[in-house]
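The structure under discussion appears below in the form of structure tokens.
All chains are named by letter (A, B, ...) in the order of the sequence lines, taking the proteins before the strands, and each is independently numbered beginning at 1.
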Amino acid sequence: MPQSADVILSASDVSKAVAGPDGHLQILDSVSLTVPTGETLAIVGASGSGKTTLLGLLAGLDNPDSGDIVLDGSHLNRLDEEARAALRRRRIGFVFQSFHLLPALTAEENVMLPLELEDSGGDARSAAQQALASVGLEKRLHHYPHQLSGGEQQRVAIARAFVHSPRLLFADEPTGNLDARTGRAVSDLLFDLNQARGTTLILVTHDLNLAQRCRHVVRLDGGRRVDEAA
Amino acid sequence: MNIFRFAARALRREFRHGELRTLAAALVLAVAALTAVATLGQRVERAIVASAAELIGGDLGVSARREIAPEFSAEAQRLNLQQNRSAEFPSVVFADGKSQLAQVSATDASYPLRGVLRIRGSDGSERDVNAPGPGQAYADGLLINALGLKLGDSLELAGKPLTIAGEILRQPDGGQMFSLAPRLIVALDDAQSSGLLGVGSRARHKLMLAGDAAALAQFQAFAKANLKDGAQLVTVAEAQQNLRTAFERGESFLRLAALLSALLSGIAVALAAQRYARRKIDEVALLRALGLGKHRVLASLSLTVLMLGLPACLTGAGIGLLLQQIVLNYAGNLLPAAAPATSLLPALAAIAVGLAVLVGFALPPLARLRDVPPMRVFQRAVGLRPRRFDLLYLLPPAVAFGLIMTQSGNSTIASALAGSLLGVTAATVCAGLLLIVLLRRLGRSLPGALRFGLANLARRRGLSLIQATALALSFTALLLLAVVGPGLLAAWRADLPPQTPNHFLLNLQTEQRTSVETQLQNLGAKNLNVLPLAVGKLVAINGKAPRAEDYEDRRAAGWINGETRLSWSPALPESNVLKGGAWFDGKATAPQISVEQMWIDMLGLKLGDTLSFTIGDRRIDAQISSIRQVDWTSFRVNFFVLLDPATAAELPHSLIASYWLPAERTVELRSISRQFPNLSMIDINAILDRVRDIIDRVSSAVMAVLGFSLLAGLLVLIAALNVSAEERRFETALLRTLGAKRGQLLSTVLGEFALLGLIAGLIAALGAISAGLSLGRGVFRIAWHPPLLSFAIGVVAAVALVTFAGWLGTRRIARTSPVLVLRKE
Ligand SMILES: Nc1ncnc2c1ncn2[C@@H]1O[C@H](COP(=O)(O)OP(=O)(O)O)[C@@H](O)[C@H]1O
Ligand SMILES: [Mg+2]
């Protein structure tokens, strides 16, 4: 499928099934979507509807059984795992519901991680410090994750997600583990980034308020796309 | 990314976690045990060679009935060897009208080159000295008493007055081994000036040498080419052979203990690495999601472990070196004055083994992390894919096998050990699988808590099997160390019985036999054993004259150029075992011989080969009809070559006797010696004492190393049980949340652990018994009877230990609030 210049991510007829204990389980059934560059997309749906699975496929963490995903010009199913890893390293940032900071590393070191993985040269440390400053954590550089509150941890995770200036940012229920106010602050941060840097934002959420702030919404039910555009 | 920095950081932060510390501790222990044992072995072996030199007062020598030709001395000088000239002869000594026959050593001031000459001076103090100066003499207590003298008095030797400057307490035995007369040491110049060494004297002259091995070898070659007129080489070979054999078995114990601790460490490393890997799954999933390639995941994990392992191995080597030094210090005068320096080679080898253990046992669980799917960052349910067979699983057994082969130093030890460990593994896996099947069948009929506990075993099948195998293997090693090792050791010590022959009697003539035997028995001699002795020369092997340079084994030269002592006996002598062929049946028409294994190996012989000897003016061409192995530590008279009695009947020969005599009656042998002046009597008490000494000290060293290895074993147990405690945390907390009573929780765990301990303990006991039996028979040649009670106690202890550990782990969890545990997960 040709991808127009301003579409950064497109999926066509993506399906995924697993062999569960009770036999074949269709998690995703022919899901298609497109996301224009620099815009925001929310994936919503009931628990177990396949949101996270879709997000993982879109980010190249796993392969669909069928269908095609084109991310920033690359057909993911034509890349091997190493090439997809390289793609993730350079173009993608992640934010998770449960933060996923490495407990052994300080906030600063956690944020440096993507730069170190890429070995991009340049000063990883000062880049990380800037990123942390822009999420308001310039005073917590040397704290370890267990010394930070949930909201602070998620802000560190966000700093880690954009420190290497990715083209896309994937977030799976980024506010799911936070109280309403902290959640609000975290999502503000994500939208600010989208605005300021033009980073395409794709997020999975239960939170309708959060979903409504996105330009596009994809609704899943039982692995099928059920919103109007479908 | 800079993997090194990353790995270093991971290590720094993660060292506080148990697994990495267990891993490091296991490596430290393994390398320390290996280093200590290998270094100790090497040093003691060198010491034994040196202490054999101590017995003859030098490394090598030439002796002759006349003055030693000057070219020997010149050659020794050219080779920078230390020299000592001496002459020994019997002479009557006078004092105050009394006289006494004494064995006199006249020696220059360099005596002794090896070993010590210790005297008590006239001031009563003991000191180590060299030969006496002109006009002085050292005499032993017998001589001083016989002449009714005291220290400082003077005696007369060949008309020359000498002052008794000291009483001989200890002396390198040298030529005196052949004499029972009281001893006197004088200056060589005094003996010469009093004409005692002139033409027609009965003196035996000696030139003893000491120095570095290469020069000695050169001198030996030179001397062999130039010996004439009955001159002989004096070597340490015989004394060494006895000492070395005594040590070899001790060394086998040491190696066994070290090997077991290395294997135990391997298990501990594997378990710790497995736990570490489990804990790292989330982190690896994250790194993979963030775009870290598979290979770099593996590289950074391996690097972390290596960065931990290398210093751990170095520390282990350091501790090992320290430990062997402590053992040596404790072993005290086992080593002669010139204690051989420590070589670092064994330590380096131990470090290499440690790294092999690390790679072999830690790599497989870590390598599995390559396959963590990045999708796991989102869904914890996405675990490791059920894997196909992975070649890496062969690595730990391969490394274990390699270790057993290279470190046991003995193929019998290797096969006994490998066999029993393999058997234990197989038996545990089979028993485990069988049990799981049974539990599935019976499960429903068991009472509640027990059913749940046993269901746990069945459900976590893989883990249960790994855990049971690790437990069984470590119990096997522990039982080998705690029960089998000390048992064999005790049997070995008892193996040199109190009445081991301590005297030899040479040159006994057939017609003197009855009289001498009766007199010896009257003196209280025990274990008397008399064999014929003929002296011959090996002149052909399969019809061809042998040439020393054709044999790699340097010992061959001695036999090819020198004399061979032969004997014969109608029955296979005691302390001989047939290794091949059949003992003489008296029906053969052509001459036959039985040859000892050492000769077979040295000269590359086989059954059916023909050896030709000249004995007197006869030549005998005999076919090898049997191969024997002699237990040289029996200290009986034994021979490398035995002729068939029919052929030997007419040969010119003398008799050789060995017997045990209580030390206090040794003096009375003099009457026999006077009556039959042709007899040569050899007192080997000095050698025997040294052998006993070595056995005692080596056994203490072995016990120390055994204890050390036990530590390694306990570490494994802790590691193994930790794995399951961790596994159980979540589950226990959940049960607790659901309202399970503490009693229920405990009986669940106890049921599970007790069964695990019982299976592992029983199989381990069987494995250890079978290994002990084959080690006893095959390696140490000891009849070892498995102490069944100790093994029963071992099994009970295994059950108790495992259950207790399980209870301990669970009790802690059961006490903490379940909410806390759940939240932490
Ligand atoms: N690897 C897997 N194996 C088995 N079932 C899975 C796997 N991944 C997802 N599922 C199932 O697929 C369904 C969708 O999961 P998910 O994408 O996580 O849904 P959501 O994020 O919308 O809650 C769920 O029922 C989940 O249990
Ligand atoms: Mg989800």
Side-chain angles (χ1 to χ4, degrees), chain A residues 16 18-20 27 50-57 59-63 80-106 109-110 112-120 124 144 146 157 160-161 163-164 166 170-173 204, chain B residues 1-17 19-20 276 279-301 303-304 307-308 369-383 385-386 459 820 822-825:
Chain A
K16 179 81 180 175
V18 292
I27 306 176
K51 306 183 294 290
T52 299
T53 307
L54 178 60
L55 193 73
L57 291 175
L61 292 175
D62 202 358
N63 268 330
D80 65 5
E81 170 51 32
E82 290 302 300
R84 276 188 280 135
L87 193 73
R88 291 199 295 271
R89 216 152 61 214
R90 293 179 192 136
R91 318 247 177 104
I92 297 176
F94 285 101
V95 176
F96 308 94
Q97 177 172 8
S98 49
F99 325 138
H100 279 321
L101 298 178
L102 292 188
L105 304 185
T106 61
E109 289 165 344
N110 264 293
M112 284 163 68
L113 204 55
L115 298 171
E116 290 184 328
L117 290 179
E118 179 54 23
D119 221 353
S120 44
Y144 286 96
H146 68 95
R160 178 179 69 189
V163 68
H164 57 309
F170 290 86
D172 187 18
E173 314 220 13
V204 163
Chain B
M1 122 172 141
N2 186 336
I3 310 191
F4 279 93
R5 247 204 6 240
F6 189 71
R9 210 155 48 194
L11 179 60
R12 203 176 61 231
R13 296 294 305 166
E14 288 176 351
F15 192 64
R16 67 197 162 86
H17 287 290
E19 311 93 44
L20 288 187
Y276 182 65
R279 200 164 54 70
K280 291 288 260 192
I281 290 180
D282 286 341
E283 176 178 336
V284 168
L286 175 72
L287 290 173
R288 297 271 286 120
L290 295 186
L292 186 64
K294 274 184 178 200
H295 302 294
R296 307 187 93 192
V297 167
L298 186 59
S300 83
L301 285 168
L303 215 58
T304 307
M307 281 180 180
L308 176 74
L369 289 178
R370 276 175 319 184
D371 299 331
V372 171
M375 192 60 194
R376 202 188 137 96
V377 276
F378 286 126
Q379 281 159 327
R380 296 203 91 209
V382 184
R385 290 187 203 101
R459 191 167 48 79
L820 275 180
L822 286 183
R823 188 175 288 154
K824 245 186 135 183
E825 276 299 313

- line: Rounded to the nearest 0.5 angstrom, the OG1-CG distance for Thr52(A) and Asp172(A) is 3.5 Å
- prompt: Which residues, numbered in order, of residues 91-100 of chain A come under 4.5 angstrom of chain B by heavy-atom distance?
  reply: Phe94(A), Phe96(A), His100(A)
task: Locate the shortest heavy-atom distance separating Gly50(A) from Ile27(A); write the atom from each residue and the value.
output: CA-CG2, 4.1 Å
Ionic contact status for Lys16(A) with Asp62(A), cut-off 4.0 Å: yes
task: State, to 0.1 Å, how close Ala285(B) and Arg376(B) come at their nearest heavy-atom pair, and which atoms those are.
output: CB-CB, 3.8 Å
- prompt: Looking at Arg296(B) and Glu82(A), does any basic side-chain N land under 4.0 Å from a carboxylate oxygen?
  reply: no
- prompt: For Arg160(A), is it the side chain, the backbone, both, or neither that has a heavy atom closer than 4.5 Å to a heavy atom of chain B?
  reply: side chain
Proximal component of Leu286(B), with respect to chain A [non-hydrogen, under 4.5 Å]: side chain
- prompt: How long is the gap from CZ on Arg89(A) to CG on Leu287(B), to the nearest 0.5 Å?
  reply: 11.5 Å
message: Once salt bridge (Lys or Arg N to Asp or Glu O under 4.0 Å) is applied, do any residues pair with Glu283(B), and if so which ones, sequence neighbours excluded?
response: Lys280(B)
